[in-house]
Amino acid sequence: MTAEPSAPARFVIESDATEPLLRAALPVLEHWLPSLEDSSVALFLSDRTGRIVARRVGDRAHARRLDKALAAEGFDFSEVALGTNGLGTAIEERAAVLVRGAEHFNDALQSLACAGAPILDLSTGRVLGSVSVAAPASTASQIMLTVARQAARQIEQEYVDHTMPTHLRAVLDLMLRNAVQRPTLVISRDGIFSSIGGLPLVSPENHVLIWEHLRACDWSLGDHPISVAGRKGVAHRIGDPHGVHAYIVEFDDCEPPTLAGGDSTGSARPSAVEQRHPAESDSATALRDDPERIAVMIRAFRESCGITLSPATMQALLRWDWPGGVAELEELLNRLAREFPIGTIPLSALPEAMRLRGTPMSGIAAAERRAIETALRVTDGNRAKAAGLLGIGRTTLWRKMRAYGIDERQYLAD
């Protein structure tokens with residue numbers, strides 16, 4: 001759809017998808033409302049599509065002026081629909097904008113000045129919507145831009161407070177007040193938030209190893225005992241309304257500073273990660289079955305060469321099967337060190353098959369990839385037998401193997 005200067009705004013059927021945004025924004029809009037009384041200024045809130053979902057006006061004459069321009073709840077003010085305007089352009093640019101009079105693309109808006117700012121989800125960086133301050137064009141001021149930015153920041157914080165799981169909010173509140181009684185880590189795919197007592201356990205390698213271990217746990221039975229560097233604790237899984245999971249790990253404070261998991265009854269089970277020297281590992285153990293060995297090698301190489309791997313790159317290396325063993329890993333690390341002597345090594349620096357392993361997967365896709373890998377391992381890499389075990393055709397199996405970056409040669413019997 002191409003915007004036309006004379007085209008009126010289009011009314012869009014309301015959706016309840018913006019309910020969390022509205023809950024967060026309405027208190028902020030009500031807070032600003034008293035300052036708008038008896039003034040020709042209005043506040044607008046739009047969702048991520050540019051549809052106006054709330055309007056607050058302090059002056060009736062100004063409200064009628066806005067109604068004529070169809071600047072009201074339910075109307076589409078996206079940049080695609082109306083061209084340059086305070087709400088839609090702020091979303092597209094991901095930045096605050098001030099649009100004065102004739103700078104508006106749509107004829108009906110050229111009597112107005114609008115300052116807009118995007119509203120972001122602080123946990124993901126995605127745009128939730130925008131907030132705009134609108135006034136007659138003759139009264140345009142940079143102050144409008146300041147108000148829009150401040151209102152957007154307030155809404156973002158309210159959104160965090162409304163959508164953050166209660167358990168996580170309580171833990172972070174305690175951390176900020178330095179009132180955490182035990183070493184605590186809050187772990188997401190992209191990073192770690194740590195109390196002071198948990199700092200000795202934080203490293204790029206530990207982050208990825210702990211994350212990979214917790215992702216693989218069966219959470220249907222509740223919390224999981226865990227041990228990191230010899231310090232025992234309990235891991236809790238938390239989630240937000242978008243289904244994005246994070247984990248809180250609370251440790252006992254009495255044990256000295258190897259990631260070993262336990263079952264839901266607290267009995268020990270083989271470790272997911274142990275911090276040890278590569279020489280201490282069983283040389284007969286395949287590298288793919290020894291992620292802690294991979295992590296120790298990467299840590300040693302990082303410390304000697306000063307290289308840094310992104311979390312996604314680390315995940316890809318831990319998930320790779322390493323048919324060439326230690327020599328293959330060392331050769332790759334040496335190449336990466338030559339190509340990236342400074343900065344962080346991105347996932348894009350790895351071969352395509354490895355990159356596919358580093359792509360986050362969940363649900364059906366992750367289960368399907370694990371099933372294919374298991375079938376190939378059981379059949380010693382025989383694609384026809386693996387397809388039979390899975391109940392699919394060989395062509396379908398081959399296509400899925402390509403999609404997931406799986407090479408059957410890695411599973412051939414020695």
Check [Y] with [X], please: is the shortest side-chain N to carboxylate O separation under 4.0 Å?
X      : Y      : result
Arg56  : Glu30  : yes
Arg23  : Glu19  : yes
Asp121 : Arg126 : yes

Treating [X] as the side-chain partner and [Y] as the backbone partner, does any N or O pair qualify as donor plus acceptor under 3.5 Å?
X      : Y      : answer
Asn106 : Ala7   : yes
His224 : Arg237 : no
Asp47  : Gly50  : yes
Ser132 : Ala115 : yes
Thr313 : Leu347 : yes
Ser195 : Thr184 : yes
Trp211 : Tyr247 : no
His236 : Glu250 : no
Ser304 : Phe301 : yes
Thr84  : Phe105 : no

(message) side chain to side chain contact (heavy atoms under 4.5 Å, CB included) for Leu43 and Val133? Distances and angles first, verdict last.
(response) CA-CA 5 Å; Leu43 275 175; Val133 180; 3.5 Å; yes
Please indicate whether [X] has more than 12 foreign heavy atoms, meaning atoms of other residues, nucleotides or ligands, lying under 6.0 Å from its [atom1].
X      : atom1 : result
Arg394 : CZ    : no
Glu73  : CD    : yes
Leu33  : CG    : yes

Please find the pair of heavy atoms, one from [X] and one from [Y], that lie closest to each other, and give the distance.
X      : Y      : answer
Glu156 : Leu122 : OE1-CD2, 3.7 Å
Arg377 : Asp321 : NH2-OD1, 4.1 Å
Ala54  : Leu26  : CB-CD2, 4.2 Å
Thr139 : Met144 : O-SD, 4.3 Å
Ala25  : Leu45  : CB-CD2, 3.4 Å
Ser130 : Ile119 : C-CD1, 3.7 Å

(message) Please determine whether side chain to side chain contact (heavy atoms under 4.5 Å, CB included) holds for the pair Arg383 and Met401, giving the CA-CA distance in whole Å, both sets of side-chain angles, and the decisive distance to 0.1 Å.
(response) CA-CA 10 Å; Arg383 194 191 307 167; Met401 288 170 59; 4.3 Å; yes
Is the closest side-chain heavy-atom distance between [X] and [Y] below 4.5 Å?
X      : Y      : result
Glu373 : Leu376 : no
Arg335 : Leu332 : yes
Leu66  : Leu112 : yes
Arg153 : Gln150 : no
Thr49  : Asp76  : no
Pro346 : Phe340 : yes
Leu350 : Leu317 : yes
Ile345 : Arg302 : no

Within this structure, what is the [atom1]-[atom2] distance for the pair [X] and [Y], rounded to the nearest 0.5 Å?
X      : Y      : atom1 : atom2 : value
His62  : Asp67  : NE2   : CG    : 10.5 Å
Thr396 : Leu390 : OG1   : CG    : 10.5 Å
Thr89  : Arg94  : OG1   : CZ    : 15.0 Å
Gln157 : Ile155 : CD    : CD1   : 12.0 Å
Arg215 : Gln315 : CZ    : CD    : 7.0 Å
Ile294 : Trp320 : CD1   : CH2   : 11.5 Å

(message) Would you call the rings of Phe44 and Phe77 parallel, tilted or perpendicular, taking 30° and 60° as the class edges?
(response) parallel
(message) Using the rule given for side chain to side chain contact (heavy atoms under 4.5 Å, CB included), can you reason through Leu309 versus Thr344, listing the C-alpha separation, both sets of side-chain angles and the distance that settles it, and then say yes or no?
(response) CA-CA 5 Å; Leu309 305 180; Thr344 299; 6.0 Å; no
(request) Check each of Ser46, Ser78, Pro118 against Ile91 using the side chain to side chain contact (heavy atoms under 4.5 Å, CB included) test, and report the only one that passes. (result) Ser46
(request) Report the C-alpha distance between Leu185 and Phe251 in whole Å, list the side-chain angles of each, state the deciding distance to 0.1 Å, and finish with yes or no for side chain to side chain contact (heavy atoms under 4.5 Å, CB included). (result) CA-CA 9 Å; Leu185 303 178; Phe251 297 95; 3.9 Å; yes
(request) Before giving the answer on side-chain hydrogen bond (donor to acceptor under 3.5 Å, both in side chains), spell out for Asn85 and His104 the whole-Å C-alpha distance, their side-chain angles and the decisive distance to 0.1 Å. (result) CA-CA 6 Å; Asn85 70 88; His104 285 96; over 6 Å; no
